[in-house]
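Note that the structure is a prediction, hence the values are computed from the model and not measured.
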Amino acid sequence: MKIVRKTIGQMLNEVAKKVPNREALIHTDVHVRYNYSLLLWEVDRAAKGLIAMGIEAGDRVALWAPNIPEWIVAQLAISKIGAIFVPVDPGAGLKELQFLLEQSESKAIIMARGLEDEEYIDLLLEARDQVHSLEHVVLIARESQPEMVLWTELLGMGDDPDSRSLEERETLVSPEDPVAIMYTSGTTGVPKGVLLDHLGLINKSLASAKRQGLTEEDRLCLFVPLYHMFGNTCIALTGLLAGSTLVMPCLAFDPSKVLKAVCKEKATAVYGSPSMIIGLLDHPEFKKKRWASVRRGVLGGAPCPMELMKRIVQDVGISKVTVAYGITEASSWITMTHPHDPIELRTLTIGTPLECNQVKIVNPATGRTVQPNTQGELCVKGLLMKGYYKMPAATASALDKQGWFHTGDLGQIDEKGYVRITGRLKDVILRAGVPIHPAEVEEILYSLPEVSEVQVFGFPHEELGQEVAAWIKLRKGAKLTQEDLVRYAKRKIDKANVPRHFKFVREFPMTRSGKIQKFKLAEMAAKEYRKKTGVME
């Protein structure tokens with residue numbers, strides 16, 4: 001793949017010039033529609049407003065809002081002037097907000113009032129006294145607040161017909177300049193700010209668009225949170241660079257609104273985690289005929305069970321859906337299946353590396369590359385992060401001397417280059433010294449037609465080190481009993497890998513980006529089974 005050496009601003013200008021009248025962004029919940037010409041005009045107004053406000057190249061600007069059109073406009077405007085956007089989780093509490101603003105040294109924040117009332121404003125007022133770098137607060141609202149600038153006022157500051165200041169600023173932005181700091185989840189420690197550049201985000205987006213087969217005719221349904229890379233890069237930026245249309249149905253994931261928007265706006269592509277897609281397909285309002293326009297999409301964030309893929313491809317008819325694997329440190333996707341791969345390859349593997357990536361499997365103990373079909377740690381090279389912001393030691397431990405990023409995921413590669421994830425180094429369960437890979441056990445339990453979702457995980461045990469639990473969410477109307485489930489598991493799963501505990505649940509703890517939080521399941525199980533199994537406190 002030939003690397004495109006342009007900035008996000010340059011790419012947006014080119015697309016808007018090529019397809020000015022094509023719909024670029026539609027938000028059905030707030031009734032906003034932009035074609036590419038109007039989107040570019042709005043982005044340029046916001047960019048000139050930020051320049052007038054005093055935002056310089058390299059300044060960090062935080063974005064804190066649910067999925068609203070202004071989020072994408074702000075992201076593009078910040079990118080255009082050489083500043084760096086810092087996404088903030090819509091559900092962030094005081095400590096998380098304060099940490100992100102302080103650690104990133106954000107000079108400004110563009111924010112909504114809140115998800116429900118004015119909770120963002122209350123938290124920001126409490127946090128800002130401790131964040132000495134913060135000089136400007138831009139509020140997306142109808143009514144102003146003291147010491148805050150309304151979004152509409154910022155746009156008004158950019159209404160000056162003299163556009164030379166923006167054009168001059170754009171010429172100074174380099175493809176290798178940083179454009180975003182996206183924070184890791186922090187589930188295993190302090191969140192790390194991943195510093196990313198234009199070059200990485202653009203080329204990963206172009207490579208994934210090519211693999212998916214996206215065209216200007218596609219209409220991408222975007223309900224994944226924009227603060228997450230899946231939302232702001234893998235869908236939003238990728239769709240815009242392809243000249244496609246983004247369809248945003250809701251401020252936060254709402255299956256009913258998504259289903260209505262897919263039908264009304266004739267979406268051609270749907271993106272999400274397997275859990276999100278299950279939530280849509282199992283919803284009472286789901287009707288196959290209303291999804292007749294959908295022909296492609298990407299499942300990411302977790303392995304896709306065989307039965308779910310069969311349901312998507314064979315029953316619903318989304319024949320070109322792909323499975324992808326990526327991490328923030330790699331500027332998004334690393335591997336992706338092909339739209340016409342057999343269903344088996346779209347469930348048992350995560351596809352082949354994108355053209356701009358190199359992938360290898362190494363022995364975690366020695367660091368040496370292993371033979372095909374041998375398990376080891378997955379490493380990637382190509383368009384990686386510039387590093388963890390202000391964390392040189394963490395950067396040095398994640399990137400080896402040859403420039404390979406060590407993902408912490410276990411996997412193997414076959415002779416044709418297809419990669420299979422077998423687990424995470426930290427998720428492998430050691431019960432009495434025997435390694436158990438949750439994904440392998442989950443795949444067997446998913447083969448039961450009554451099972452909608454299953455999570456296999458380990459939790460501390462005094463004598464065995466760890467014990468194994470399998471918690472299952474059944475499909476609506478399923479008659480499966482726990483006794484039937486246990487009998488099936490003992491018959492199908494290797495004796496050394498059979499979970500000790502089985503439980504039916506109605507839902508799983510999830511992140512706002514649609515990932516199930518196994519560490520929370522482990523905490524819940526440890527408390528629940530403490531008296532039964534003598535687990536450690």
Side-chain angles (χ1 to χ4, degrees), residues 8 43 46-47 49-51 53-115 118-141 145 147-151 153-155 177-186 190-197 201 225-229 231-233 236-237 251 328 388-391 512-513:
I8 290 173
V43 169
L50 289 169
I51 292 173
M53 181 178 277
I55 302 300
E56 303 288 345
D59 284 344
R60 276 73 63 201
V61 180
L63 294 178
W64 191 26
N67 280 23
I68 54 178
E70 291 89 347
W71 207 108
I72 293 178
V73 172
Q75 172 189 353
L76 296 171
I78 295 165
S79 304
K80 265 204 160 205
I81 64 172
I84 300 170
F85 68 92
V86 182
V88 180
D89 186 339
L94 177 62
K95 288 185 178 179
E96 185 180 354
L97 173 65
Q98 198 164 300
F99 173 82
L100 262 60
L101 293 178
E102 281 187 295
Q103 208 277 335
S104 66
E105 300 172 309
S106 289
K107 186 175 181 178
I109 182 170
I110 298 173
M111 57 181 283
R113 293 170 57 251
L115 279 168
E118 293 190 349
E119 68 271 22
Y120 287 7
I121 295 175
D122 295 338
L123 287 172
L124 191 279
L125 291 175
E126 194 171 348
R128 70 184 303 176
D129 290 339
Q130 303 298 320
V131 184
H132 303 299
S133 61
L134 193 64
E135 298 178 16
H136 308 284
V137 179
V138 179
L139 183 64
I140 303 168
Q145 294 282 329
E147 300 182 40
M148 296 184 184
V149 175
L150 284 177
W151 173 256
E153 293 174 341
L154 177 76
L155 295 178
D177 286 344
V179 69
I181 299 176
M182 300 191 201
Y183 282 83
T184 59
S185 61
V190 176
K192 296 187 286 289
V194 182
L195 189 62
L196 301 156
D197 60 21
L201 298 189
L226 283 170
Y227 88 92
H228 195 277
M229 177 172 266
N232 65 54
T233 300
L237 185 61
L251 304 183
T328 309
Y388 293 118
Y389 187 65
K390 296 196 303 182
M391 291 183 174
R512 275 166 287 277
S513 58

Item to check | Partner set under ring-ring contact (aromatic ring centres under 6.0 Å, His included) for W64, not counting sequence neighbours | outcome: Y120

Checklist outcome for this item: Tightest non-hydrogen contact, residues L226 and W71, listed as O-CH2, 3.3 Å

Checklist entry - So, do D177 and D197 sit near enough that their side-chain heavy atoms are less than 4.5 Å apart? => result no

Checklist outcome for this item: On a heavy-atom basis, the closest approach of S104 and L101 is OG-O, 3.5 Å

Item to check | Passing candidate, side chain to side chain contact (heavy atoms under 4.5 Å, CB included) with I109, options V86, L124, V138 | outcome: L124

Next on the checklist: For a quick test of reading the model, state the closest non-hydrogen atom pair linking I181 to P87 and the distance between them.
Outcome noted: O-CD, 3.3 Å

Checklist entry - Does L196 reach the side chain of M229, with side-chain heavy atoms less than 4.5 Å apart? => result yes

Checklist entry - Is there side-chain contact between Y227 and M182, with at least one heavy-atom pair below 4.5 Å? => result no

Checklist entry - Hey, is the main chain of K107 close enough, under 3.5 Å, to the side chain of S133 for a donor-acceptor pair? => result no

Checklist entry - Salt-bridged, K390 to E105, with N to O below 4.0 Å? => result yes

Checklist entry - Any sub-3.5 Å donor-acceptor pair from Q75's side-chain atoms to I72's backbone N or O? => result no

Checklist entry - Taking atom CG of L123 and atom CD of E119, what is their separation to the nearest 0.5 Å? => result 7.5 Å

Item to check | Residue pair A77 / A47: nearest heavy atoms and the distance that separates them | outcome: CB-N, 3.6 Å

Checklist entry - Donor-acceptor pair, T184 side chain versus P191 backbone, under 3.5 Å? => result no

Item to check | Identified side chain to side chain contact (heavy atoms under 4.5 Å, CB included) partner of V73 from the options I78, V43, I140 | outcome: V43

Checklist entry - Q145 versus R113: any side-chain heavy-atom pair under 4.5 Å? => result no

Item to check | Test item: R60 side-chain N/O and G58 main-chain N/O as donor-acceptor pair under 3.5 Å | outcome: yes

Item to check | Spacing of CG belonging to L237 relative to CG belonging to L76, to within rounding of 0.5 Å | outcome: 7.5 Å

Checklist entry - Would R128 and E147 satisfy side-chain contact (heavy atoms from CB on, under 4.5 Å), going step by step from the backbone distance to the final call? => result CA-CA 11 Å; R128 70 184 303 176; E147 300 182 40; 4.0 Å; yes

Checklist entry - Are L125 and M148 side-chain neighbours, meaning at least one heavy-atom pair lies under 4.5 Å? => result yes

Next on the checklist: One pair to check against side-chain contact (heavy atoms from CB on, under 4.5 Å): I84 and V179. What are the steps and the verdict?
Outcome noted: CA-CA 4 Å; I84 300 170; V179 69; 5.9 Å; no

Checklist entry - Within the distance-only criterion (no hydrogens, no angle test), does the side chain of D59 pair as donor or acceptor with the backbone N or O of I55 below 3.5 angstrom? => result no

Next on the checklist: Nearest 0.5 Å, please: how far is CG in L139 from CD in E153?
Outcome noted: 9.5 Å

Item to check | Backbone N/O of V88 and side chain of E96: donor-acceptor pair under 3.5 Å | outcome: no

Next on the checklist: Could you tell me if the side chain of L115 sits less than 4.5 Å from the side chain of P90, heavy atoms only?
Outcome noted: yes

Next on the checklist: For a side-chain contact (heavy atoms from CB on, under 4.5 Å) check, start with the C-alpha distance between M111 and I121, then their side-chain angles and the critical distance, and finish with the verdict.
Outcome noted: CA-CA 8 Å; M111 57 181 283; I121 295 175; 4.3 Å; yes

Next on the checklist: Quick check: closest heavy atoms across Q103 and Y389, and the distance to 0.1 Å?
Outcome noted: NE2-O, 2.8 Å

Checklist entry - Nearest heavy-atom pair of I110 and A74: which atoms, and what distance? => result CD1-CB, 4.0 Å

Checklist outcome for this item: Between the CG atom in L94 and the CD atom in E126, the distance rounded to the nearest 0.5 Å is 4.5 Å

Checklist outcome for this item: The reported gap from CD1 in I81 to CE in M53 (rounded to nearest 0.5 angstrom) is 10.0 Å

Next on the checklist: Using 0.5 Å steps for rounding, measure from the CG atom of N67 to the CG atom of L251.
Outcome noted: 7.5 Å

Item to check | Test side-chain contact (heavy atoms from CB on, under 4.5 Å) applied to Y183 and L100, step by step | outcome: CA-CA 8 Å; Y183 282 83; L100 262 60; 3.7 Å; yes

